[in-house]
Amino acid sequence: MDYQFRDIEKKWQQFWAEKKTFKVAADASKPKYYVLDMFPYPSGAGLHVGHPLGYIASDIFSRYKRLKGYNVLHPMGYDSFGLPAEQYAIQTGQHPAITTENNIATYRRQLDQIGFSFDWSREVRTSDPQYYKWTQWIFMQLFNAWYNLETDKAESIDTLSSHFSQHGSTSVKAVCDEDVLTFTAAQWNAMDEADKERELLKYRLTFLKESTVNWCAALGTVLANDEVKDGVSERGGYPVEQKKMMQWSMRITAYADRLLQGLDSIDWPEPLKEMQRNWIGKSTGASVKFNVEGSDKQIEVFTTRVDTIFGVSFLVIAPEHELVAELTTAGQKQDIEDYITVTKKKSELDRMADTKTVSGAFTGSYALNPLNGAKIPVWIADYVLAGYGTGAVMAVPSGDQRDWLFAKHFDLPIIRILDAQQNIEEAADSTKEGVYVNSDIINGLTYKEAIATLIQRLEELGMGKAKIQYRMRDAIFGRQRYWGEPVPVYFENGLPRLISEDELPLLLPEVDKYLPTEDGDPPLGRAENWKYKDTYSYELSTMPGWAGSSWYWYRYMASQEERAENAFAPKEAIAYWKDVDLYIGGSEHATGHLLYSRFWNKFLKDLGYVTEEEPFKKLINQGMIQGRSNFVYRVINEDGVGTQLFVSHGLKDQYKTSPIHVDVNIVDNEVLDLEKFRKFRPEFEHAEFILENDRYICGVEVEKMSKSKFNVVNPDDIIERYGADTLRLYEMFLGPLEQSKPWNTNGIEGVFKFLRKFWKLFHNDQLEFTVSEEAPTRAELKSLHKIIRKVEEDIERFSFNTSVSSFMICVNELNELKCNKRAILESLLVTLAPYAPHITEELWALLGNEAGTLSFAAYPTFNPDFLVEDEFAYPISINGKMKMNLNIPLTLEVPDVEKFVLANDAVQKLLDGKSPKKMIVVKGRIVNIVL
RNA sequence: GCUCGGGUGGUGGAACUGGUAGACACGCAGGACUUAAAAUCCUGUUCGCCUUACAGCGAGUGCGGGUUCGAUUCCCGCCCCGAGUACCA
């Protein structure tokens, strides 16, 4: 029979599903391996050809690991809470649960067609109450915890309140709000419950905090910063105002240092780790207080260069700084107000366009250097950000370029502080070399000595201390949306209380419309009679998109049967599967999902629920698949109106044309199908063409894949035409997994042909299945063992494209050798099985093996003996230029190779009578003759 | 601006620790089979020069230098493309 991919693929997909081939269970007799894909949000558009790229790679890896004897956990699920379903609900009134359900069905159908070896019995959906029950449960654990800096981990809030009742607030080292109270044990015990609760909230790992949000009344929602452009919403262009509201927050900053340290222990792409490092933004320095002349106020600054403190010639505070009004003298009032007005306008425009301009205003006040009492003017300027550090900096023009520019512009002094500083009249010099000058107590000291001396002095004076500053902020956790997890909290006298654990899950209530209420409450405010114990108001915001995805890999560890148990995953399962060995997904989640997941994981570990400090040991980013748009060129007539004439790409410059997107599915290798084009849109029905070489060649451009650009390629179409095995191989063949690349089907024929050739190795010319039991020849064994080794090496370094090429080479070689020997083909088949599971299952069965056992067959053992050569065609180069090849026995050692080469006539001819100055011989590699 | 990727034929890409640049595939050209087409198979295909041909010569991995017997690979400087980030004190 010929290669009937449609029948074969359907048959085996059904087989795997019915026999539950890929259902796994913890098995202590086998080493575990956990391969995870970032689960998709099931959008209405379905899968396009870019989605499965990572899934195919992880599936190949999973199947390979099974062949290598591992017990492989390879699950899939859906991140099914999210905005598009809600947006659709607002427009159509359809419940997002229904939309989501339908979309999931489409995704599942599409995924099944590709032949993945997922254990679907472990599927998760974040919007499933049985799943979000545990998302809510984790929220409750966070609420019931504080971060003890003494033990450097999260602990139950009970240990904190018992500490308070025994020792008061002194000696507590915690990550907490800034406005915590100081009290004795007696004072604590005398407080009423509400006050205690209020105080504890300042320590909890999830807590209420007043935050400023981008409120869009027209859309009835809060927008993320990147959804706001030029002060209006990106979608729709509605006005956006800053609104203060109480929001749930997560104290991720408590974990800042562990999140940073942990990066060194995991095998992730360096750019990704770098992004997380920058996001966390740790800087080590000192905070220093400056007294204000004629005032009891102090200005606190953060600096990473406290050693430059004697070079400070002015302070700069952010225009939004709380002391601005107080520090402004009557004479400067106008200047300051004008400046603030300008700044405000500027931030509404594009502030980033303006990083070079120096601007600022003098407040009229002076601060005093805490170490030498020097009088330094206080300025405001928008280059100081209110949100970072203390919103105030000490300016050292000789060492910092921004300060230097500012000093030059406003004619402020530039003080030299290190003898190694050069040309400070032309630019700042931030060196730490040399010894200090003009620097009072640190004169003559080096950088290291100076820092220690100054910190000690500042601490003695009570005017400063060493400090570590992070850029990362606590994460806002509330969303004013409907389609998300309800927060398991109700309010009693304005104080948040958790519902009890046995009341979980707190179900998402029904609402009449998915819009905010008239008073601006989130959609949950519309739910009727939705009260805790019929009395107390529930929290009306829902959790953000990242909540459900911050722990889902643990839920997969629980089998279907175990999910009824009262835990997010059974202890034994967590002890067995531990962590994710390989995680594949896009780099766009670098500072969102991947950071929050690490945070929750560390928290769960602190409480003893999980065993590993880091959840994802190894991570690979798959590149994005971009769209590849095709264009036709419509000729424009003298009046500038489009005609019915279209000119081929190569001739378009001879005409006045306008490019029009054309559906990539009616273009093959840039050649337009003219008939299909006439049917593409009614207006093209009578289209005429100017051809080149009898064909219409389309133009090409790489753009995002989107419907409007007619460049979306659906995997279903590819599977229909070539089959899933071809799709799998082709997506890998396209190039390195981690590289972004445009999708084009130009090479897919080659992959399909390869599979047919592979099929034909097992068949005679009449396409009858025939394999020989003869012993293989040396050449055949060599070909086989080359591929055995190559595929092993390639898979381990995620170089899937090169193994596909190598398979092609191997099949070409065996074809040449007319090899149909079982001993060779059966082993080759196993190596190919992870890439093309359907065709190999079929042939495996035809070879007489028990159906379905291929998935757990043994990967063939590489034997290097078969690759040993006794001769090598040495490239002979002269002065590094390759001239010829010469077969030389590999038994010859270097001096003999030299003799052998020089004895050769052709070599002598190349030497042209000259005698070599030198000869380089690398055994088994190269001969280079230097003349 | 900073940080990180990346620039190799007409195209996607290969070349593992410096050692035959362009594997494999697409496309293209020519040929075989066929009444014809599709499918399949074979040959050629980096560029330039030279030659009837066999062959030969030269250049060549973004650009300019360097190290080396030898550089796509290492070093220095520059250009271009992509991603992230945005005055972080």
Nearest atoms (heavy-atom pairs only) where [X] meets [Y]:
X       : Y       : answer
R471(A) : Y388(A) : CA-CE1, 3.8 Å
G586(A) : N621(A) : C-ND2, 3.4 Å
I309(A) : N369(A) : O-ND2, 3.1 Å

Distance check, [atom1] atoms only: [N] and [M], in whole angstrom units.
N       : M       : atom1 : result
rG84(B) : rG12(B) : P     : 22 Å
rG10(B) : rU61(B) : P     : 13 Å
rG13(B) : rG6(B)  : C1'   : 14 Å
rU68(B) : rU73(B) : C1'   : 13 Å
rA29(B) : rA39(B) : P     : 14 Å

I need the [atom1]-[atom2] distance between [X] and [N], as an integer number of Å.
X       : N       : atom1 : atom2 : value
E731(A) : rG13(B) : CD    : P     : 14 Å
F872(A) : rG19(B) : CZ    : P     : 12 Å
K757(A) : rC41(B) : NZ    : P     : 6 Å
E588(A) : rG5(B)  : CD    : C1'   : 16 Å
K881(A) : rC57(B) : NZ    : P     : 13 Å
E749(A) : rC24(B) : CD    : P     : 19 Å
E738(A) : rG13(B) : CD    : C1'   : 16 Å
M624(A) : rG84(B) : CE    : P     : 8 Å

At less than 4.0 Å, is any side-chain N or O atom of [X] found next to OP1 or OP2 of [N]? Yes or no.
X       : N       : result
N879(A) : rG70(B) : no
Y383(A) : rA89(B) : no
N812(A) : rA25(B) : yes
R471(A) : rA89(B) : no
Q739(A) : rG82(B) : no
T304(A) : rC88(B) : no

Pairing nucleotide - [N], Watson-Crick or G-U, each distance under 3.5 Å:
N       : result
rC57(B) : rG48(B)
rU72(B) : none
rC41(B) : rG31(B)
rA15(B) : none
rG1(B)  : rU85(B)
rC26(B) : rG10(B)

Residue closer to the 5' end of RNA chain B, E816(A) versus R628(A) (nearest nucleotide):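 That would be R628(A).
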
Starting at the 5' end of RNA chain B, which residue's closest nucleotide do you reach first, I920(A) or A873(A)?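 Of the two residues, A873(A) wins.
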
Base, sugar-phosphate, or nothing for [X], non-hydrogen atoms under 4.0 angstrom?
X       : result
P742(A) : nothing
D403(A) : nothing
L734(A) : sugar-phosphate
M808(A) : sugar-phosphate
N885(A) : base
K753(A) : sugar-phosphate
F733(A) : base

Where does rG9(B) land, syn or anti, once you apply the within-90°-of-0 test for syn?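 rG9(B): syn glycosidic orientation.
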
Ionic contact status for K782(A) with E813(A), cut-off 4.0 Å: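 Between K782(A) and E813(A) there is no salt bridge, as every charged N stays at least 4.0 Å from the carboxylate O atoms.
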
Report yes if a donor N or O on one partner sits less than 3.5 Å from an acceptor N or O on the other, where the partners are the side chain of N746(A) and the base of rC26(B); otherwise report no.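 Looking at the base of rC26(B), it does not pair with any donor or acceptor on the side chain of N746(A) (distance under 3.5 Å).
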
For S803(A) and Y835(A), which I'm curious about, is there any donor-acceptor pair between the side chains at under 3.5 Å?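 Distance-only check passes for S803(A) and Y835(A).
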
Short side-chain to backbone donor-acceptor contact, S629(A) and N711(A), under 3.5 Å: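 Answer holds: no.
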
Students often mix this up, so state it plainly: with edges at 30° and 60°, are the rings of F406(A) and F410(A) parallel, tilted or perpendicular?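 Tilted, since the angle between the ring planes falls between 30° and 60°.
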
